[in-house]
Amino acid sequence: GLKASGDRAEEAEIEPALNITGGAFNLNTGDDAVHSDANATVTGGTFTISTGDDGMHADTSLTIGTENGYQLSVHIADVSHFVKPASFVNQAAYNRGTSVYFGDSVIPMLPKALSNGACSLNEGVERLAFTCDMQLDNEGNVKSYLFYKSVIKSRLKGVYSEINQLIANNADADIKAKYSEVYDSLMLMMELYAKLNKKRIQRGAMDIESDEAYIVFDDHRRVVDIKKRERGESEKMIEEFMLLANGCSANLARKMDIPFVYRVHGEPEAEKMYTLKDNLRKFGLKIERKQGESLQSAFSHLLDKTRGTNLQQFVHSGVLRTQSKAKYLELPQGHFGLSLEDYAHFTSPIRRYPDLAIHRILTDVVNGVPKDKIKKKYEKFAKSASKGRNISLSIWKRKAECSYSASLDFGDKHKCDKQTVNGESFHKCKGNDKGGSDLLGCIRLASDALHSGLCGKSLSNSRRDGADGDSDSCC
């Protein structure tokens with residue numbers, strides 16, 4: 001990360017921008033897939049979904065209607081309005097590449113004045129946003145879309161766990177009262193999600209059970225447990241909506257033939273496929289691919305066949321390890337895992353630099369900047385991004401460095417002593433003599449989790465990209 005002096009420079013640089021109001025927009029008429037209505041204000045049934053019970057970021061809001069099928073609007077915090085290309089904040093964000101989540105802490109890509117302030121779509125406060133309006137038919141097919149800058153006022157900040165209770169019809173009176181104004185919108189979203197999920201299954205997109213774990217702390221920030229993170233219906237619903245917006249952004253760029261940073265995922269390598277088939281054969285399993293069927297569909301059948309059985313972890317983790325790494329490219333090559341022709345990262349500019357870069361490109365599009373100027377401005381950047389010399393490399397280097405530094409800070413904050421167990425060194429938490437579980441108890445749980453195939457990343461409480469339909473390994 002940056003030194004203290006650099007952090008102060010970041011904060012000083014963004015302070016003038018925090019006073020900007022919606023009237024700062026001056027949008028020109030552009031392509032039919034963009035919107036020129038300057039200072040569009042959205043207040044109706046809009047509500048924000050927190051990323052979790054911790055509510056670290058509230059960077060996405062949603063609106064839904066039923067005109068000519070479904071009209072779904074995904075509103076993303078307009079980070080690019082505050083973070084300018086030549087600024088110190090931008091250089092710092094570029095160097096960081098992504099936010100990193102570890103334990104109950106976050107090392108943000110952006111200063112907190114932005115990530116927790118001006119770019120947090122808080123309840124009852126006007127915020128600048130970048131909106132993707134999507135018109136879908138009654139079957140959930142996207143018929144058209146519009147991108148435009150907006151000012152939104154979120155009616156409610158929702159939490160996944162609470163919405164899951166509403167969906168399951170077991171919410172208490174307080175939760176029902178909290179969501180009463182947006183309840184109908186939530187149920188309509190669930191109706192649309194059911195149709196989108198059906199389409200996802202039909203196109204063969206893989207649904208791999210990853211068994212992600214998270215660390216539980218007590219009121220004194222001591223580790224007390226490690227649990228499997230359950231992925232409820234509301235998380236899956238938001239994931240589908242983010243997929244739609246991400247896909248529309250990539251579709252727009254491909255059709256306009258402008259420089260862009262696509263998220264690309266290719267087919268598995270032959271050697272990995274051979275290893276998977278060999279391992280499956282030992283358990284009497286195989287990848288059954290019918291004539292004319294895609295490999296994704298064959299994978300999906302195998303995953304569904306073993307879901308909920310004692311072979312689930314073995315098969316699902318095996319399929320996951322077989323997948324190639326997703327990467328950023330300047331050319332649209334589709335996404336194998338999601339079985340999508342068009343895909344990019346549009347929905348998380350608050351925590352991923354590639355999304356911020358895409359927002360800048362699309363901002364020029366909605367501002368009516370000629371295509372030749374957009375190409376001249378971004379072509380070099382898009383090509384360099386695809387070669388892994390900057391964005392991809394920066395992200396992975398950032399995750400490695402921050403996970404290391406966060407682990408040191410984690411040990412200090414949670415008062416951990418080093419102990420040796422079976423010849424291996426671990427940290428044990430102090431101050432748990434009165435019945436509180438120490439970290440050694442968590443180590444035993446972690447050992448079981450790792451034996452079951454959980455990766456170290458999952459134990460760090462790092463935020464999955466699941467809200468965008470992605471996982472770090474293959475998407």
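This is a predicted model, so every value here is computed, not measured.
- In this structure, Gln333 places its CD atom where more than 12 heavy-atom neighbours from other residues, nucleotides or ligands lie under 6.0 Å away.
- If you take OG on Ser61 and CD on Glu123, they are separated by 10.5 Å, rounding to the nearest 0.5 Å.
- Residues Leu62 and Met189 approach most closely at CB-CE, 3.5 Å, considering heavy atoms.
- The backbone N or O of Val369 lies less than 3.5 Å from no partner atom in the side chain of Asn367, so there is not a single donor-acceptor pair.
- A donor-acceptor contact shorter than 3.5 Å links the side chain of Arg203 to the backbone of Leu338.
- At least one side-chain heavy atom of Lys178 sits under 4.5 Å from a side-chain heavy atom of Val159.
- Between the CE atom of Met206 and the CD atom of Gln296 there is a distance of 6.5 Å, given to the nearest 0.5 Å.
- Tyr94 pairs with exactly one of Phe88, Phe381, Tyr353 by the ring-ring contact (aromatic ring centres under 6.0 Å, His included) rule, that one being Tyr353.
- Here the CD1 atom belonging to Ile163 is positioned 7.5 Å from the CG atom belonging to Leu156, to the nearest 0.5 angstrom.
- Between Ala344 and Phe260, the shortest heavy-atom contact is CB-CE2, 3.7 Å.
- Salt-bridge formation is detected for the pair Glu233/Lys236: a Lys NZ or Arg NE/NH1/NH2 atom is positioned less than 4.0 Å from an Asp or Glu carboxylate oxygen.
- You'll find the side chain of Met109 stays beyond 4.5 Å of the side chain of Arg352, heavy atoms only.
- Under a cut-off of 6.0 angstrom, the local environment of NZ in Lys84 is crowded, with over 12 non-hydrogen atoms contributed by other residues, nucleotides or ligands.
- The closest side-chain heavy-atom distance from Val315 to Leu302 is below 4.5 Å.
- Leu303 places none of its side-chain heavy atoms less than 4.5 Å from the side chain of Asp207.
- Under a cut-off of 6.0 angstrom, the local environment of NZ in Lys198 is sparse, with at most 12 non-hydrogen atoms contributed by other residues, nucleotides or ligands.
- Residues Leu110 and Ile350 come closest through the heavy atom pair CD1-O, 3.7 Å.
- A side-chain donor-acceptor contact under 3.5 Å links Asn164 to the backbone of Tyr160.
- Applying the salt bridge (Lys or Arg N to Asp or Glu O under 4.0 Å) test between Asp342 and each of Arg263, Lys255, Arg254 identifies Arg254 as the sole match.
- The side-chain hydrogen bond (donor to acceptor under 3.5 Å, both in side chains) test with His75 is passed by exactly one of Asp59, Thr60, Thr63: Thr63.
- The heavy-atom pair separating Leu276 from Val319 by the smallest distance is CD1-N, 4.1 Å.
- Ring pair His265/His335 is tilted by interplanar angle, where 30° to 60° counts as tilted.
- In the model, Asn141 has a side-chain atom that pairs as donor or acceptor with a side-chain atom of Lys199 under 3.5 Å.
- Put simply, the side chain of Tyr148 never gets that close to the backbone of Asp133: no donor and acceptor are under 3.5 Å apart.
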Pair Ile361-Met256, side-chain contact (heavy atoms from CB on, under 4.5 Å): steps then yes or no:
CA-CA 12 Å; Ile361 297 171; Met256 290 188 66; over 6 Å; no
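- Note that NZ of Lys157 is 10.0 Å distant from CG of Leu121, once rounded to the nearest 0.5 Å.
- Residues Ile258 and Tyr378 fail the side-chain proximity criterion, which asks for heavy atoms closer than 4.5 Å.
- Between Tyr262 and Glu330, every side-chain heavy-atom pair lies at or beyond the 4.5 Å cut-off.
- A donor-acceptor pair under 3.5 Å is absent between the side-chain atoms of Thr322 and the main chain of Met273, judged by distance alone.
- Note: Ile64 CD1 to Met134 CE = 9.5 Å, rounded to the nearest 0.5 Å.
- The CG atom of Leu244 lies 11.0 Å from the OG1 atom of Thr347; values are rounded to the nearest 0.5 Å.
- Side-chain atoms of Glu191 do not come within 3.5 Å of backbone N or O of Met187 as any donor-acceptor pair.
- The backbone N or O of Gly204 sits nowhere less than 3.5 Å from a side-chain atom of Ser339 that would complete a donor-acceptor pair.
- Put simply, the side chain of Asn251 never gets that close to the backbone of Gly247: no donor and acceptor are under 3.5 Å apart.
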Stepwise, does the side-chain contact (heavy atoms from CB on, under 4.5 Å) test hold for Val74 with Phe346?
CA-CA 11 Å; Val74 175; Phe346 166 78; 5.5 Å; no
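- A salt bridge links Arg307 with Asp304: the closest approach of a Lys/Arg side-chain nitrogen to an acidic carboxylate oxygen falls below 4.0 angstrom.
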Between Tyr70 and Leu196, does the side-chain contact (heavy atoms from CB on, under 4.5 Å) criterion hold? Intermediate values first, please.
CA-CA 12 Å; Tyr70 301 93; Leu196 294 175; over 6 Å; no
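- Judged by distance alone, with hydrogens and angles left aside, the side-chain atoms of Ser348 form no donor-acceptor pair with the main-chain N or O of Arg351 at under 3.5 Å.
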Could you go through the side-chain contact (heavy atoms from CB on, under 4.5 Å) check for Leu192 and Met237 one step at a time?
CA-CA 9 Å; Leu192 174 58; Met237 176 183 75; over 6 Å; no
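- No donor-acceptor pair under 3.5 Å is formed between the side chain of Lys380 and the backbone N or O of Lys377.
- In this structure, Phe147 and Ala245 approach most closely via the heavy-atom pair CZ-O, 4.2 Å.
- By the 4.5 Å heavy-atom criterion applied to side chains, Pro349 and Phe130 are not counted as neighbours.
- When side chains are defined from C-beta on, Phe82 counts as touching Leu128, because their heavy atoms get closer than 4.5 Å.
- A side-chain donor-acceptor contact under 3.5 Å links Ser80 and Asp78.
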